[in-house]
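Notes follow once the structure below has been shown.
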Amino acid sequence: MMLGFEEMIVRCVDEEAKVHIREAVRCYEAGAYRASIVSAHVAVCFDLIAKLRSLASGGDQDAITLVTKLDGFQQQQRQGNLQAIKGLLEIERTLLDEFRDKFDFFGHQEFEELSRLRSDRNQCAHPTFSHDALPYAPAAELARLHIRSALTYVLSQQPKQGKAALASLHAIVVSPYFPTVLGEAVVRLRGAEIGTARDSLVRAFVDDLAFGWPDLAHPYYANPNVLVAIEATVELHRPIVVPRLVIAIGKLAKSGIAEAVRFAGALALRIREAGEQVDDATKAVLRIWLVQEQSDNKGNAIKGALQIAWWRDAALEALETLTAKQLGGVTDPPTEMVTRAAHLYAMATNWGDANELAADVANPLADRFAPADIAYVFEKAHQGADLIGSHGFREFTRLLYDKNPIPDPELEALFDEHNLEHYKRVEQVEEA
């Protein structure tokens, strides 16, 4: 829904700029379109100067330099120095450029539209700019467009954008008080600069997060808050963030740097929308990474990759390399991972290994073992895997009775088939 001017004016940050933009609106409504454009430009200048002072008070060095220069010229003007006027006009003329170049406040399109406002203001306010006998007569639609651009791109925006905003966001994300729960992280970032940021700042923030995590010299290096912050930013600005992440994942994966490739994989898995859209070259890298990955989180990575069509075959291959420790860290594993747990358990070569594997992967998942998984473990136990006689195996068989959903008669038949009758419950043996 398109907002009216009054609704947009309410969102203005600086009160003095608000006065001038209201004047621009009144001129527009009265049909004085030249005056309307001039007032809109004046409102932008007042607002940018107010933002400049706000940034300077926050310690931004570029802003401090410009404010000092502005104050110096204003002081000289008050003392009657006519040369100061030239300096003040130069500052006014270059305000848009300064905010684009030094503070990353404008994106390309925003700067182009505001530059047109500046150009049209000059046409309206300076007769010497006109090459015709008749005065410049802007259309009503042009005046309306310039008022809306001033309100949308400048007057309704908070002072902190670009470099200053990124510095502020750094402090928020690396703070020990940054929420680790997605919903709370969304609330936290919505109340920060990124909540109402323009596209350019959103893209810069995403790049900063994505490329900062694997960078040893960056404040975001290996910080677990980064992934949560990225997920929260997706929730706030999905149409901008997901395509940006697709690009970032590709660049990280193709860099050849181990930490960067690992983080590319983590991003592709955590933000599935982005992971499903990466190009073929990126897919090739991430398939190999998944198989070769050695970290304790490999189990969760495989679980996620099983859900992505282009990654599933590599995930099944990687599953065969999964260790008990890596598998033990997975919550709610899919059936393929439960089968891997059965195969790992059946590889025990002594009672110590058997007890350890039972504690890590077999007993916690005993309620999920399919009949084929149970049969595989029993067959290997009968064939020589060192499970029989271990405390863990006795506990495993008890859990099959207590928690596994297959009927007891089917379980009894498996015990009988693999000559493990002495592991059947005593009362069942007596009834038989």
Side-chain angles (χ1 to χ4, degrees), residues 1-57 63 66-67 70-71 73-74 77-78 84-100 103 105-107 109-130 132 134-161 196 198:
M1 183 180 70
M2 186 173 289
L3 297 176
F5 283 149
E6 277 303 320
E7 294 173 281
M8 297 178 74
I9 289 172
V10 169
R11 301 183 179 185
C12 289
V13 176
D14 182 67
E15 290 300 320
E16 193 165 357
K18 192 182 293 185
V19 170
H20 289 283
I21 201 66
R22 277 208 172 97
E23 182 176 306
V25 172
R26 285 197 296 269
C27 291
Y28 166 78
E29 292 171 344
Y33 304 131
R34 281 194 302 272
S36 175
I37 291 173
V38 171
S39 293
H41 182 263
V42 170
V44 167
C45 290
F46 267 106
D47 190 79
L48 289 179
I49 290 171
K51 285 177 168 57
L52 190 64
R53 294 190 183 280
S54 177
L55 291 169
S57 66
L66 281 171
V67 166
L70 173 63
D71 289 343
F73 283 135
Q74 289 179 337
Q77 183 198 23
R78 285 193 292 270
I85 296 176
K86 182 179 179 181
L88 289 170
L89 290 174
E90 179 65 14
I91 289 176
E92 180 183 323
R93 187 183 67 80
T94 59
L95 264 178
L96 293 177
D97 307 78
E98 296 284 7
F99 269 80
R100 179 196 60 183
F103 308 111
F105 197 82
F106 301 124
Q109 186 61 36
E110 297 163 344
F111 181 79
E112 287 298 314
E113 293 190 28
L114 291 167
S115 293
R116 283 196 287 271
L117 167 59
R118 180 174 59 188
S119 176
D120 288 343
R121 175 264 184 189
N122 291 338
Q123 291 275 11
C124 293
H126 299 297
T128 54
F129 279 49
S130 177
D132 301 318
L134 295 176
Y136 177 59
E141 293 79 9
L142 183 62
R144 182 178 180 84
L145 173 64
H146 285 324
I147 293 172
R148 183 167 291 277
S149 295
L151 284 163
T152 303
Y153 300 139
V154 182
L155 276 66
S156 63
Q157 301 297 325
Q158 292 295 325
K160 286 188 176 179
Q161 291 289 338
T196 57
R198 289 183 295 274

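Computed over heavy atoms, backbone and side chain alike; hydrogens, waters and symmetry mates excluded. In this chain, residues are counted from 1 in sequence order.
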Does the pair I37 and Y28 meet the rule for a side chain to side chain contact (heavy atoms under 4.5 Å, CB included), with working shown? CA-CA 8 Å; I37 291 173; Y28 166 78; over 6 Å; no
At what distance, to the nearest 0.5 angstrom, does CG of D71 lie from CZ of R53? 4.5 Å
To the nearest 0.5 Å, what is the distance between CG (L66) and OG1 (T94)? 7.5 Å
What residues, two or more places apart in sequence or in another chain, satisfy side-chain contact (heavy atoms from CB on, under 4.5 Å) together with E6? I9, R22
What verdict does the side chain to side chain contact (heavy atoms under 4.5 Å, CB included) test give for R118 and D97, after you've listed the backbone C-alpha separation in whole Å, the side-chain angles of each residue and the deciding distance to 0.1 Å? CA-CA 11 Å; R118 180 174 59 188; D97 307 78; 3.0 Å; yes
Flag the pair R121 and E92 as a salt bridge only when some basic side-chain nitrogen lies within less than 4.0 angstrom of an acidic carboxylate oxygen. yes
OG of S119 to NE2 of H146, rounded to nearest 0.5 Å, is 8.0 Å
Exercise: identify the closest heavy-atom pair between S149 and L114: O-CD2, 4.1 Å
Give the intermediate values and the outcome of side chain to side chain contact (heavy atoms under 4.5 Å, CB included) for residues E90 and K86. CA-CA 6 Å; E90 179 65 14; K86 182 179 179 181; 5.8 Å; no
Straight-line distance of L95 CG to L52 CG, nearest 0.5 Å: 7.0 Å
What pair of heavy atoms forms the shortest contact from A63 to A56, and how long is it? CB-N, 3.5 Å
What is the distance from atom CD1 of I147 to atom OG of S36, rounded to the nearest 0.5 Å? 3.0 Å
For F73 and L88, the nearest pair of non-hydrogen atoms, with its separation, is CB-CD2, 3.5 Å
For a 4.5 angstrom cut-off between non-hydrogen side-chain atoms, does L142 reach Y33? no
Between R144 and E141, is there a salt bridge with N-O shorter than 4.0 Å? no
Where is the tightest heavy-atom contact between L155 and A17, given as atom of each residue plus distance? CD2-O, 3.9 Å
E98 side, atom CD; R93 side, atom CZ - distance, nearest 0.5 Å: 10.0 Å
Residues that F46 engages under ring pair (Phe, Tyr, Trp, His ring centres under 6.0 Å), provided they are two or more places apart: H20
For the student: nearest non-hydrogen atoms of A125 and V38, plus distance: CB-CG2, 4.0 Å
For residues 24-46, which residue pairs pass the salt bridge (Lys or Arg N to Asp or Glu O under 4.0 Å) check, not counting sequence neighbours? none
Check the pair L145, L117 against side chain to side chain contact (heavy atoms under 4.5 Å, CB included), reporting the backbone distance first and the verdict last. CA-CA 9 Å; L145 173 64; L117 167 59; over 6 Å; no
Contact between K51 and F99 at the side-chain level, heavy atoms closer than 4.5 Å - yes or no? yes
Does the S115 side chain pair with the main chain of F111, one donor and one acceptor, at a distance under 3.5 Å? yes
Is a salt bridge present between R116 and D120, judged by a nitrogen-to-oxygen distance below 4.0 Å? no
Considering non-hydrogen atoms only, spot the tightest contact between R148 and M8 and give its length. NH1-SD, 3.2 Å
Can you tell me if Q157 uses its side chain to pair, donor with acceptor, with the backbone of T152 under 3.5 Å? yes
